[in-house]
Amino acid sequence: MNNNKPVVSVIMSIYKEPIEWLRQSIDSILVQTYNNYELIIVCDNPSYKEGNLLLREYAEKDDRIVLLYNTDNIGLTKSLNKCLVVAKGDYIARMDADDICKPDRFEKEVQYLNTHNDIDICHTNIVYIDGAGNITEERKLEQPKDIKKWLCWENFIAHSTVMFRRTVLETRIPLYNENYRSAQDYDLWTTLALAGRRFGYLNEPLLKYRLSEAQVSRS
C-alpha cells in the first residue's frame with residue numbers, strides 16, 4: 001500500500017457506462033505523465049456487476065486507486081461529495097467515466113496552479129468525441145474576463161477538465177449542493193464566482209469530451 005500523501009485527488013463516479021468507455025477513461029488517467037495522485041472511484045450502481053469487477057481488477061494492479069461503493073443509487077452529486085470526504089490531495093481533479101484525458105492533462109494543470117497562486121480553480125479546452133471515440137469537433141473558447149457575468153448566460157466550464165485547490169472545499173460544506181441531482185457543476189461555478197474564487201483557463205484541448213445518446217447524464 002502506498003502511504004505517501006498524493007498531491008492530486010481525482011474523483012470519479014460511475015453508474016452504468018459502457019464497459020469500454022469506462023476502461024478508456026481509467027486508462028487515460030493511469031498513463032498520465034504526472035503520477036503523484038490518487039484516483040477515487042465510487043460505484044453508484046450496486047447492480048453494475050461488470051463495472052464493479054473491472055474496478056477491482058484495476059485496484060489490484062494499481063494502489064493509487066481507491067474504491068467506494070454505494071449500497072443504493074444516490075446520484076452523482078452526493079457521490080462526488082462522498083469522494084471529497086476521503087480525498088487527501090492538495091488539488092482535486094474531476095473526471096467523468098465516459099471522457100478521456102490527454103496524457104499531459106494533470107501535469108499541465110498542476111504546473112498552472114503551482115505558478116498561479118492567485119488562481120483557485122482551473123479548467124481546459126476540450127474536443128468532442130462520439131460514442132465510438134471519433135473526434136467530431138474542437139471547441140473554440142476564450143475565457144471571458146467577467147466570469148460572473150458570463151456564467152449568467154451559460155455553463156462554459158467542462159466539469160471533467162477541472163482541477164481546484166483543496167482550500168476551495170472551505171467555500172461550502174458539502175461542496176456540491178445536494179439539492180441538485182444534475183447541473184451540480186453549474187451551481188458550483190456560480191457559487192465559487194460569487195464567493196470571490198478565481199478561475200484560470202488553459203486554452204488547450206486536454207480532454208476528449210464524449211457526446212452520445214447512451215450517456216447517463218444526457219438521459
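Every value quoted in this text rests on a predicted model; they were computed, and no experiment measured them. Hydrogens, waters and symmetry mates play no part in the numbers below; they use all other heavy atoms, side chains included.
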Do side-chain atoms of Glu107 reach the backbone of Thr33 as a donor and acceptor pair under 3.5 angstrom?
no

Between Lys5 (side chain) and Lys88 (backbone), is there a donor-acceptor pair under 3.5 Å?
yes

Residue among Phe164, Tyr186, Trp189 satisfying ring-ring contact (aromatic ring centres under 6.0 Å, His included) with His159:
Trp189

Does Arg105 form a side chain to side chain donor-acceptor pair (under 3.5 Å) with Thr124? I'd like the steps, not just the answer.
CA-CA 9 Å; Arg105 175 196 162 188; Thr124 83; 5.9 Å; no

Would Tyr180 end up clustered with Val162 when hydrophobic side chains under 4.5 Å apart are linked, directly or stepwise?
no

More than 12 heavy atoms from other groups under 6.0 Å of CG on Leu53:
yes

Closer than 3.5 angstrom, by distance alone: can the side chain of Ser28 be matched with the main-chain N or O of Ile100 as a donor-acceptor pair?
no

Give a yes or no on whether the backbone of Tyr209 and the side-chain of Asp99 come within a donor-acceptor separation of less than 3.5 Å.
no

To the nearest 0.5 Å, what is the distance between CD on Glu170 and CZ on Arg165?
12.5 Å

Show your reasoning for whether side chain to side chain contact (heavy atoms under 4.5 Å, CB included) applies to Asn177 and Thr77.
CA-CA 7 Å; Asn177 188 338; Thr77 310; 5.7 Å; no

Here the gap from Ile14 atom CD1 to Leu68 atom CG, rounded to the nearest 0.5 Å, amounts to 11.0 Å

Would Glu109 and Val8 count as a side chain to side chain contact (heavy atoms under 4.5 Å, CB included) here? Give the steps.
CA-CA 10 Å; Glu109 289 182 327; Val8 178; over 6 Å; no

Value for CG (Asp44) from CG (Asn73), rounded to nearest 0.5 Å, stands at 4.5 Å

Taking the six-membered ring for Trp, are Phe106 and Tyr37 parallel (under 30°), tilted (30 to 60°) or perpendicular (over 60°)?
perpendicular

Spell out, as yes or no, whether a donor-acceptor pair under 3.5 Å connects the side chain of Asn81 to the backbone of Tyr176.
yes

Could you tell me whether the side chain of Arg166 and the main chain of Ile92 form a donor-acceptor pair under 3.5 Å?
no

Here the gap from Asn114 atom CG to Gln111 atom CD, rounded to the nearest 0.5 Å, amounts to 8.0 Å

Gln184 side chain vs Arg181 backbone, donor-acceptor pair below 3.5 Å:
yes

Any salt bridge linking Asp187 with Arg172? Criterion: basic side-chain nitrogen under 4.0 Å from a carboxylate oxygen.
yes

CD-CG distance between Glu17 and Asn45, expressed to the nearest 0.5 angstrom:
9.0 Å

Salt bridge between Asp96 and Arg94, side-chain N to carboxylate O under 4.0 Å?
yes

Could you walk me through whether Leu192 and Phe199 pass the side chain to side chain contact (heavy atoms under 4.5 Å, CB included) check?
CA-CA 9 Å; Leu192 295 179; Phe199 290 73; 3.9 Å; yes

Test item: Tyr112 side-chain N/O and Ile119 main-chain N/O as donor-acceptor pair under 3.5 Å:
no

With no hydrogens and no angle check, just 3.5 Å: does a side-chain donor-acceptor pair link Lys82 and Asn70?
yes

Looking at Glu204 and Lys108, does any basic side-chain N land under 4.0 Å from a carboxylate oxygen?
yes

Would you confirm whether Gln32, through its side chain, and Lys102, through its main-chain N or O, come within 3.5 Å as a donor-acceptor pair?
yes

From the list Ile11, Ile40, Ile173, side chain to side chain contact (heavy atoms under 4.5 Å, CB included) partner of Leu84 resolves to Ile11

Full working for side chain to side chain contact (heavy atoms under 4.5 Å, CB included) between Asn52 and Tyr69
CA-CA 9 Å; Asn52 280 316; Tyr69 299 96; 3.1 Å; yes

Test salt bridge (charged side-chain N to carboxylate O under 4.0 Å, His left out) applied to Glu57 and Lys61, step by step
CA-CA 7 Å; Glu57 173 189 319; Lys61 296 177 181 178; 3.8 Å; yes

CZ of Arg139 to OH of Tyr128: how many Å apart, nearest 0.5 Å?
5.0 Å

Please test Asp104 against Tyr34 for side chain to side chain donor-acceptor pair (under 3.5 Å), starting from the C-alpha separation and ending with a verdict.
CA-CA 7 Å; Asp104 56 352; Tyr34 183 90; over 6 Å; no

Between Asp27 and Tyr58, is any side-chain donor less than 3.5 angstrom from a side-chain acceptor?
yes

